[in-house]
Amino acid sequence: MTTVRSGRSRFLAAAILPALALYAVFVLSPYAQAFYLALTDWTGVSGEASFVGLDNFRRLVDDPLFRASLRNNALMLLVVPAVTIGLGLLLAALVSFGGRGGAAGPSAVRGGEVYRVAYFLPQVLALPIVAVLWQFVYNPTDGLLNGFLRGVGLDALARSWLGDPAVALWAVMAVLIWSSVGFYMVLFGAAMESIPREVLEAAVLDGAGRLAVLWRVVVPLLWDNVQVAFVYLGVLALDGFAVVQIMTVGPGGPDGATEVMGLGLYRNAFTYGRFGYAAAMGVALFFLTLAVAVVALRAGRREQVEYT
């Protein structure tokens, strides 16, 4: 028995240690280097870097663009996950339970697979491609959105969507939501199909309407999926770099209305040559993302609902 256990331990060590070594070299080591560079004034070109301690982090507090990016990312963190998850749940429920149904409970809508493919299609496109497409949609003169508004007689609502500080960030968030909602609709739809029909039938027999079934029965059973979705969408909201970089004027404009932390990090590193300061931004973004994930997982913790 001892020989068998010893052989199993050696096999597990041989299988796990190489992967751990690769993870340490290619994941943990860059993180450690970033933490060190955040305490220096490295320019990215010079072979020398002077240690400056926490000066880079003190500059972050006094940087108006960083404070603006922090506010914008905070608003995105509140809006993007909530709206995307809400729309994903609603669309998944409409496809999975949108049929006429009856005493046997809600039924799937006819042609549901076609709707799933149509809603999932934006997920197939890379985010930079989505951003370029929506640039044409938001074009103030030839764009699809303003053209539609003028076509239905709502000329007063037409505007420069990415050039107006009041709506530019909302236009960017709309793109992030549009590109993500299809994936979470399919995710929630697959989870809904695993719910036993008896549970839904019992809710209908008790007199629950469709919205009550969705809110009081389906959502609690899908809570783990919703929780994970919020974490991933929170990370997306704290990033937003690709869409802002491609779509907005400046980028980050107008007047810092769409400035995000990822954009400031990129600009300081590759435009201004302040890699130490950019590394400090990266460290701040790392801890913010980690805090969002921890808070979301702990705050959303509840007793697991099981069914057989």
Exercise. In Å and rounded to the nearest 0.5 Å, what is the CE to CG distance from M261 to L285?
Worked result: 5.0 Å
Problem set entry | Over 12 foreign heavy atoms within 6.0 Å of CH2, W170 | no
Exercise. Which value, rounded to the nearest 0.5 Å, describes the distance between M76 atom CE and T258 atom OG1?
Worked result: 9.5 Å
Exercise. R267 and L65: side-chain contact (heavy atoms from CB on, under 4.5 Å), yes or no, with the steps?
Worked result: CA-CA 11 Å; R267 184 189 297 118; L65 271 181; 4.1 Å; yes
Exercise. Side chains of M185 and R116: does their closest heavy-atom pair fall under 4.5 Å?
Worked result: yes
Seminar exercise, completed: Closest non-hydrogen atoms of V186 and F120, given as atom of the first, atom of the second and distance, are CG2-CD1, 3.8 Å
Exercise. What do the steps show when you test R67 against E259 for side-chain contact (heavy atoms from CB on, under 4.5 Å), and what is the final call?
Worked result: CA-CA 9 Å; R67 293 200 300 269; E259 183 76 18; over 6 Å; no
Exercise. If you take all heavy atoms of L77 and P81, which pair is closest and at what distance?
Worked result: O-CD, 3.1 Å
Exercise. Can you check whether A191's main-chain N or O pairs, donor with acceptor, with S194's side chain at less than 3.5 Å?
Worked result: yes
For this session: Taking the six-membered ring for Trp and the full ring for Phe, Tyr or His, determine whether the centres of Y119 and F183 are under 6.0 Å apart.
Result: no
Seminar exercise, completed: For W161, the side chain to side chain donor-acceptor pair (under 3.5 Å) test, sequence neighbours excluded, returns N146
Problem set entry | Closest heavy-atom pair and its distance - L236, S180 | CD2-OG, 3.4 Å
For this session: State, yes or no, whether a side-chain contact exists between V52 and L39 at a heavy-atom distance under 4.5 Å.
Result: no
For this session: Check whether any side-chain heavy atom of D41 sits under 4.5 Å from a side-chain heavy atom of Y277, and report yes or no.
Result: no
Problem set entry | Side-chain (S29) to main-chain (F26) donor-acceptor, under 3.5 angstrom | no
Exercise. Tell me the salt bridge (charged side-chain N to carboxylate O under 4.0 Å, His left out) pairs involving residues 163-183, sequence neighbours left out?
Worked result: R159-D164
Exercise. Which pair of heavy atoms, one from A278 and one from A269, lies closest together, and at what distance?
Worked result: CB-CB, 3.7 Å
Problem set entry | V235 side chain reached by V292 side chain, heavy atoms, under 4.5 Å | no
Exercise. Which distance, rounded to the nearest 0.5 Å, do you find between the CG of L144 and the CZ of F136?
Worked result: 12.5 Å
Exercise. Backbone N or O of A279 within a donor-acceptor pair of the N56 side chain at under 3.5 Å?
Worked result: no
For this session: Compare all side-chain heavy atoms of M192 with those of L89 and state whether any distance is below 4.5 angstrom.
Result: yes
For this session: Output the distance between atom CG (D239) and atom OG1 (T289), rounded to the nearest 0.5 Å.
Result: 8.5 Å
Problem set entry | Verdict with supporting geometry, R58 and D55, side-chain contact (heavy atoms from CB on, under 4.5 Å) | CA-CA 5 Å; R58 296 190 188 98; D55 285 353; 2.5 Å; yes
For this session: Of all the heavy-atom pairs spanning A38 and V283, show the shortest one and how long it is.
Result: CB-CG2, 3.9 Å
For this session: Return yes when atom OH of Y266 has more than 12 non-hydrogen atoms of other residues, nucleotides or ligands closer than 6.0 Å, and no otherwise.
Result: no
Exercise. Are the side chain of N72 and the backbone N or O of A257 linked by a donor-acceptor pair below 3.5 Å?
Worked result: yes
Exercise. Around atom CZ of F57, are there more than 12 heavy atoms of other residues, nucleotides or ligands at under 6.0 Å?
Worked result: yes
Problem set entry | Interatomic spacing from OG in S179 to CG in L127 - rounded to 0.5 Å | 5.5 Å
Exercise. If we only count heavy atoms from C-beta on, is the I177 to L87 side-chain gap below 4.5 Å?
Worked result: yes
Problem set entry | W134 side, atom CH2; I129 side, atom CD1 - distance, nearest 0.5 Å | 15.5 Å
For this session: Apply side-chain contact (heavy atoms from CB on, under 4.5 Å) to L28 and Y23, showing your working.
Result: CA-CA 7 Å; L28 298 181; Y23 183 82; 3.7 Å; yes
Exercise. Would a hydrophobic clustering, with Ile, Leu, Val, Met, Phe, Trp and Tyr connected at side-chain separations under 4.5 Å, put V124 with V130?
Worked result: yes
Exercise. Would the F286 and Y31 ring centres measure less than 6.0 Å apart?
Worked result: yes
Problem set entry | Heavy-atom check, side chain of L145 versus side chain of Y138, under 4.5 Å | yes
Problem set entry | Nearest atoms (heavy-atom pairs only) where G88 meets F188 | C-CD1, 3.7 Å
Exercise. According to a 4.5 Å side-chain heavy-atom criterion applied to Ile, Leu, Val, Met, Phe, Trp and Tyr, with indirect links allowed, do L222 and W215 form part of one hydrophobic cluster?
Worked result: yes
For this session: Could you check if a side-chain atom of L263 sits within less than 4.5 angstrom of a side-chain atom of V260, using non-hydrogen atoms only?
Result: yes
